[in-house]
There are 2 protein chains.
Amino acid sequence: MCESLREDIKEKLESGYYHCAKEFTLSVISGKYKVVILWHLGIEGPYRFNGLQKLFDGVSHKTLSNQLKELVEDGIISRKVYPEMPPKVEYSMTELGYSLLPIIEMMYEWGTNRIQQLQEEGILKTSFEEK
Amino acid sequence: MCESLREDIKEKLESGYYHCAKEFTLSVISGKYKVVILWHLGIEGPYRFNGLQKLFDGVSHKTLSNQLKELVEDGIISRKVYPEMPPKVEYSMTELGYSLLPIIEMMYEWGTNRIQQLQEEGILKTSFEEK
DNA sequence: CAGTATCCTTCATGATACTG
DNA sequence: CAGTATCATGAAGGATACTG
C-alpha cells in the first residue's frame with residue numbers, strides 16, 4: 001500500500017531492516033514547507049509560529065503545525081515555550097538541524113543554477129527573483 | 001488545494017512567479033525511488049528497466065515508469081531505446097544528473113551518520129547494513 | 001498567540017491485466 | 001522486455017471552527 005515514506009522508513013529502521021540511508025535523509029526533509037522552514041531558522045535564527053506562517057502564503061495552521069511537530073520529533077528543530085500570556089513559542093535549529101543545512105544550501109545552489117540555465121535556454125522567459 | 005509539488009513548482013516557474021530555488025530541487029528528487037535510482041545510475045552506470053525494478057522490492061511497473069518518465073522530463077536521466085526484439089531500453093545519467101549527485105551523496109552521509117548516532121544512543125538496537 | 005479537531009480533496013503509489 | 005490502462009487506497013495537505 002501507499003504508506004507514509006517517513007513512517008515507513010522509521011518502522012524499517014526500528015525493526016532492524018533497512019536498506020538506504022539517503023532515503024532516510026529525504027524522509028526527514030520531505031514535506032511541502034520543511035526545507036524552507038529549515039533555511040529560515042538556519043540562516044535567520046529563531047522564529048515564532050506566526051512568523052513562520054507569514055513566510056508561506058496560504059499554509060494552514062494544521063499543516064504548519066504538523067511539519068513543525070515532525071521536525072521536532074526528528075530532532076532537527078527545538079520548541080521553546082515561554083510561560084507568558086498570550087503564549088510565546090519559539091522554534092530554533094538544533095545542532096543536528098545545523099548539520100543538515102549544508103545539504104539545503106546545496107539544494108539552493110543547484111536549483112538556482114538550474115533555473116538560470118532554463119532561462120538562458122529560453123524555456124523560462126521571465127526573470128527569477130529569490131524571496 | 002493539495003497540488004502536486006512538482007507540478008505546482010513547474011507552473012510557478014513558468015508563470016514567472018516563484019520564491020524558492022531549494023524547493024525546486026526538492027521537487028526534482030522527491031519521489032519514493034528517485035534518489036535511489038539516481039544513486040545507482042550515478043555510481044554504477046546505466047540500468048535497464050527490469051534491472052531497476054529488481055532493486056526495489058515491490059515497486060509496481062506503473063510507479064517505476066512514472067518516476068523514470070519524470071526524471072527524463074526534468075533532464076536528469078536519459079532514455080535510450082535499442083531497436084531490437086525483444087526491446088532493450090537503457091537509462092543513464094545526464095550531465096545535469098551528475099551535477100545532482102553530490103547532493104545525494106551528502107544525503108547518504110548524513111543519513112548514515114544519523115543512523116549510527118541513533119544506534120549509539122540505544123534508540124536503534126539492531127545493526128544497520130547498507131545494501 | 002499558538003495551536004487542536006473535524007471534514008474533505010487530491011495526489012502518489014499499489015495491484016492487476018493487457019500490449020507492441 | 002518494457003511498458004500502458006484501469007481501478008483502488010491511504011496519506012498529505014487545505015478549510016474552517018474551536019480553545020487554553
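Sequence lines set the chain letters: A, B, ... in the order given, protein chains first and strands last, and positions in each chain run from 1.
Between B/K32 atom NZ and D/dA11 atom P the separation is 11 Å, expressed in whole Å. The distance from atom CG of B/D8 to atom P of C/dC11 is 10 Å, rounded to the nearest whole Å. In this structure, the CG atom of A/L71 is 14 Å from the P atom of D/dA12, given to the nearest Å. Atom C1' of nucleotide C/dT9 and atom CD of B/E7 are separated by 17 Å, given to the nearest angstrom. Distance CG (B/L5) to P (C/dC11): 12 Å, rounded to an integer number of Å. As rounded to whole Å, 17 Å separates atom P of C/dA12 from atom CD of A/E23. Taking atom OH on B/Y47 and atom C1' on D/dA2, their separation rounds to 17 Å, with Å as the unit. Rounded to an integer number of Å, the gap from CD of A/Q53 to P of D/dA15 is 11 Å.
The two atoms that bring B/Q67 and B/Y33 nearest to each other are OE1-N, 3.2 Å, heavy atoms only. In plain terms, the two heavy atoms of A/L101 and A/W39 that are nearest each other are CD1-CA, 4.5 Å.
Under the 30°/60° scheme for interplanar angles, the aromatic rings of B/H61 and B/F49 are found to be tilted.
Donor-acceptor pairing under 3.5 Å is recorded for the side chains of B/T63 and B/S60.
Ion pairing between a basic and an acidic side chain is recognised when a charged N comes within 4.0 Å of a carboxylate O; A/E73 and A/R6 show such pairing. Salt bridge A/E70/A/K34: present, at least one basic N to carboxylate O contact under 4.0 Å.
In terms of position on DNA chain C, the residue among B/S60 and B/P86 whose nearest nucleotide sits closer to the 5' end is B/S60.
Taking five base pairs at each end of the helix from C/dC1-D/dG20 to C/dG20-D/dC1, the local helix axes there meet at an angle of 50°, rounded to 10°.
Looking at heavy-atom distances under 4.0 Å, A/Y33 makes contact with sugar-phosphate atoms alone, never a base.
By the neighbour-count criterion of 12 heavy atoms within 6.0 Å, atom CD of A/E44 is densely surrounded, having more than that number from other residues, nucleotides or ligands.
At the phosphate of C/dA2, OP1 or OP2 sits under 4.0 Å from a side-chain N or O atom of A/R48. For C/dA12, the OP1/OP2 oxygens have no side-chain nitrogen or oxygen of B/Q67 closer than 4.0 Å. Note on B/S4: every side-chain N or O is 4.0 Å or more away from OP1 and OP2 of C/dT10.
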Notebook entry, point to check: Could you go step by step and tell me if B/M107 and A/L26 meet the side chain to side chain contact (heavy atoms under 4.5 Å, CB included) rule?
Noted result: CA-CA 7 Å; B/M107 288 174 58; A/L26 187 63; 3.6 Å; yes
Validation: residues 75-86 of chain B side-chain donor-acceptor distances under 3.5 Å, sequence neighbours left out:
residue: B/S78; atom: OG; partner: B/S92; partner atom: OG; Å: 3.3
residue: B/R79; atom: NE; partner: B/Y91; partner atom: OH; Å: 3.3
residue: B/Y82; atom: OH; partner: B/E90; partner atom: OE1; Å: 3.1

Pull out every protein N or O sitting under 3.5 Å from an N or O of nucleotides 3-7 of chain D, one pair per line with the distance.
residue: D/dG3; atom: OP1; partner: B/R79; partner atom: NE; Å: 3.1
residue: D/dG3; atom: OP1; partner: B/R79; partner atom: NH2; Å: 2.2
residue: D/dG3; atom: OP2; partner: B/Y91; partner atom: OH; Å: 2.8
residue: D/dG3; atom: N7; partner: B/H61; partner atom: ND1; Å: 2.7
residue: D/dT4; atom: OP2; partner: B/S65; partner atom: OG; Å: 2.6

